[in-house]
Amino acid sequence: MLALRHHGYWRALLALLLTLATGLIQAQPLVLTELPTGSLGTWASLLIEDGPPLGLGDAQTRQREGLFRKDNRAVLTYGIGSRPRWVHLELFNPTTESLPFRLVTGTTWTDQLKLFVVHDNRVTASWKTGDDYPKPLELTPGIGFTFTTSFAPGRSDLYLRVESIDPLVLPIKLMTEKQALSSERLVHYSYGFIYGFLIALLAYNGMLFIGLRKRSYLYYSLYLVSLILLNFAYTGHGSAWLWPDYPLLQRYMILFLMVLYGCCGLLFASRFLALAEHAPRVLRLVRLSAVSGLSLIALCIMAGSQLGAALVAFSFISLFTLGMVLLGILTIRHGRMAGRYFLVATLFGMVGAASTTLAVWGWLPFNSLTYHGLEYGAIIEATLLALALAHHYNEMTAKLSRITLSRDVLSTEVAERKQAEKMLRKSEESLKESQSIAGLGSYVLDIPTGRWKSSDVLDQLLGIDEAYERSLQGWVALTLPDDRSMIEDYFSNEGIGQDKELDKEYRILRHNDHTERWVHGLGKLEFDAQGNPVKMHGTIQDITERKQGETELRIAATAFESQEGMIITDANSVILRVNRAFTEITGYTAEDAVGQTPRLLKSGRHNVDFYAEMWESIKRTGSWQGEIWDRRKNGEIYPKWLTITAVKSDDGTITHYVGAHTDISSRKVAEDVIKRMAFYDPLTQLPNRRLLNDRLSQAMAASTRSGCYGALMFLDLDNFKQLNDTHGHRAGDLLLIEAANRLNHCMREMDTVARFGGDEFVVVLSDLTADKVESASQVEIVAEKIRITLSEPYLLNISHDGKADTTIEHHCTASIGVVMFIDHAGSQDDILKWADVAMYQAKEAGRNLIRFYDSTASEST
Ligand SMILES: Nc1nc2c(ncn2[C@@H]2O[C@H](COP(=O)(O)OP(=O)(O)OP(=O)(O)O)[C@@H](O)[C@H]2O)c(=O)[nH]1
C-alpha cells in the first residue's frame, strides 16, 4: 500500500507539471460539436476527497476555488484502494439546440458512481450507480456505465464522483447515439466471439475428458470455466445478468474468481507438467501457494475487507502468471517438449494479465489493447494450452504405442523364450536319448579331490548305481587292469601335466556283470586363476561294437586279399573294389577296374542266355557259381571258377555283389591231359578203345534213329613186328604215328578213327544211307582209299642216342575187315568181333586186302 501511495504521489506531481504546461490550451471548455475521439481524461480536472464525502455543492465550490487539478491522461486510472475523487468537465454546446449524447464512464466494477449535469447552476440530470448497489443502473456489460443525456445550448458542467476500492479506472467518453451503438455492437461481437471460443474450447476439452478420462482435460476445463466466470464477472455480465440483486457477491466475486482462476491454472499446470513425477517439491510449493491464496481471499471476504481481498487477488494473479512462466521454464529444463508450448502459452497469459493489471492499476496507458490484454492473453494462452495438451496427448499416444509395441515385443519375446525353453527341453531330452542310444555318458571330475559325478547313461555303461564310490579308486577299479597304466600316465604327467585334453580308447570292467567293454574317453580341462587344472568335463562312449566291427573288418580285409580274385560291386554292378589277386589274374589294376562293370572281362564265349540264367539264379538264390570264360587285359581268354554272392540289407534289398574267382586254366589243362590220357592214345593221339566204345555206341544210336547204315573197319598193319625187330621200337612208333595221321586225313570230321591197340586201328563211319548195298559201296570206297593211303611208302626218321638220325623208307600195308551195322543188329562187342573176323579173313587171304563181314556166310566178300 505504501508503495502504491508513493507511486500515486509521483503521478500527481507529474500530472500537475503537465497541467501547468498545457493549462492554457485546455482552459477552454470541451465543444460538443468538435468532440475528439477517445477518452476525454485530458479535458477533465480532478479533486481527491480527503475528508468526509463531499456533496455536489461542495464540489462545485471547490471547483470554482480552483482546487480541481488537471490529470492530463486520457483515461484516469488510480489503482486499488484509491481515495474517492471528483471529476469536472466543462462542456459547451455552440448550437441553439440541445444535443443528445451517450456518456460512457467508469468500469463495470466501479463501486460507486455519481453523475451530475449542471446547466445554468441547475442540475439537469443526475445518476447514482455502481456495483455497490443492487441492480446497478445504466450498466452495459463489457463497456461500463453509459448514460444518455442532452446538453442544452451554452455551457454545461459535468460532475462525476467516483469511489472504488477495486482498481479505479475512469474512462470518460461522449458519443453520439450512432457512435455508441456501433461501439456497443463491436464490444458485444467481441465478447460473443470470446465466449463462443472459450465455451467451444471448454466443451471440446470436457468431451475429451469424458472420452479419454485424462485428468489434464478436466483441470484444463476447470481452468477455462474459471476464466470464463472471471471474465463474466469483471466485464459486468455477472452483476447485470446473474447476480444483480447481490452487490456483496459482485463486490467479492471478481476477486475470488481471480484467485480461483489462478488455482485452476496451477492445478492444470501441475497435472500437465507432471510435477508429481518430475518436481515433487515444486508441486508442494504450488499447492501451498494455491491453498494460501484461497485461504487469504476467504479470510478477507469473511473479514469484509474488500481492499485486502483486492490486494490478495491482484498479488495472487500477478504471482500466478509469473509462476506459470517459471513452471514452463522448469519443465523445459527437464527436457520436456510439452514445456515449450506451456511456456509460450503462459507468457502470452502473463503479458496479457500484466497488461490489464498494470493498465487498471494505472501503471500502463489505458487503452483497448492494454485494458483487454487479460482477455487477449487468456484466449491465446487457452488456445496454446489446448495445443500443448494435444501435443501432450500425441506424446502420450506415441509413448503408449511405444509401450504397446514394447509390450508386444515383450510378449513376442516371452513367447519366443517359452518356445526356446520348450525346444531346449526337447533337445535336452533328445540329447539324453541320443546319448543313451550312442552309449555316450558324461562326467565331471574334480581333479584335486578325485571325486566325480556321472550321468545316468554313464552309470548304465559302467554298471554302477547311486551307492558306487565315485572316487579315484572307484574309477581305477572300473578300468581293465591292462589299460589302467594308460589312464594313470595321463593324470600323472603325459596329459594333465602338459594341459592336454584326454582322448583315449581303453577297456573297462562293468561293475555289475564284470563284462569287458571298450570305451572312448574324452575330457576337457578347466583351470583356476593360477592356471592349475581343477576340473575335467568329459564323455565316455561305449565303442565295443565298433571295436568288434573293426576286428571283423580286419579279418574281412585279410580274407579279401586272399588267393582268389575278389571283386565288389554295388547293386548296379559298378565295380567298387578289387583285390591284388584280381589284378594278378585279369591284368586289370584297381584303377582300371573301379567304376567299370564286370562286362570289362567278357570273353564273348557265352551267349546272352548264359548270363540271363546266371542273373536269374543270383536273384532267386542269392548266389551263382560256375565255370566261365573271361578275357584278360592282354586279350587272352581263360577259364575261371566264379562265385557271385549278393549282399543284402536287413530289408532284403541287394546292396552289393561279391564275386570271387579262381583261374582254372592250369586245372583245365590238367583236366584235358587226364581226359586225353583216359580217352586218347598217347602215341598217336587217336581215340583209344574206351572212347571208341563211346563213339561206336553213339553211331549205333544214330543209326537206329536215322535208319541209315553205319560201318566199322578193323585195320591191322601187316608184318609190323618186323619193323620193330629190324629198326627198333622207335621206328615202329613212328610208323604207327604216321599211319594214324594218314587215317585221319582220309576220314570226315564226323567219323571216328581210333587206335584199338598195338598195330590195330578201328574206323567208325556213321550216317551212311538206308540202302545197304549203296552204303557198302561207299564204305568200300573209303576202305580202299585207306588201304591205298596206308600202303604208300613211309619215310621214318630214326634218332639214335648219341648218334645222328637215320631215315629209312619202309613199306607197310594193312588188312581191313568191315562190318555194316544198322538198328542194333548186334552189340558193340559183336560188331568189333565181326570186324576182327573179317580182318583175319583179309590177312588170311594174303594181306593188304579188304574183307566185308557176311553174317550169313561168315565169310568175306
Ligand atoms: N613199336 C611198337 N611195337 C608194338 C607196339 N605194340 C605192339 N607192338 C608190336 O607189334 C607186333 C604185333 O605183331 P603181330 O601183329 O602179332 O604180327 P605181325 O608182325 O604184324 O604179323 P601179322 O599181323 O600176322 O601180319 C608185336 O611184335 C608187338 O610187340 C607199339 O606200341 N610199338
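Atoms within a ligand are numbered from 1 in the order they appear, just like the ligands themselves.
For ligand 1, the 4.0 Å heavy-atom shell takes in D716, L717, D718, N719, F720, K721, N724, H729, G732, D733, L736, R755, G758, D759, K843, R847, ordered by chain and residue number.
A donor-acceptor pair shorter than 3.5 Å can be found between the side chains of T544 and R517. The closest side-chain donor-acceptor pair between D771 and T769, if any, does not fall under 3.5 angstrom. In this model, no donor atom of one side chain and acceptor atom of the other lie less than 3.5 Å apart for T589 and T583. Side-chain atoms of S815 and D716 form no donor-acceptor pair, as typed in the model, at a separation below 3.5 Å.
By the 4.0 Å N-to-carboxylate-O rule, D829 lies too far from K833 to be salt-bridged with it.
For Y657 and W615, the distance between ring centers is under 6.0 angstrom.
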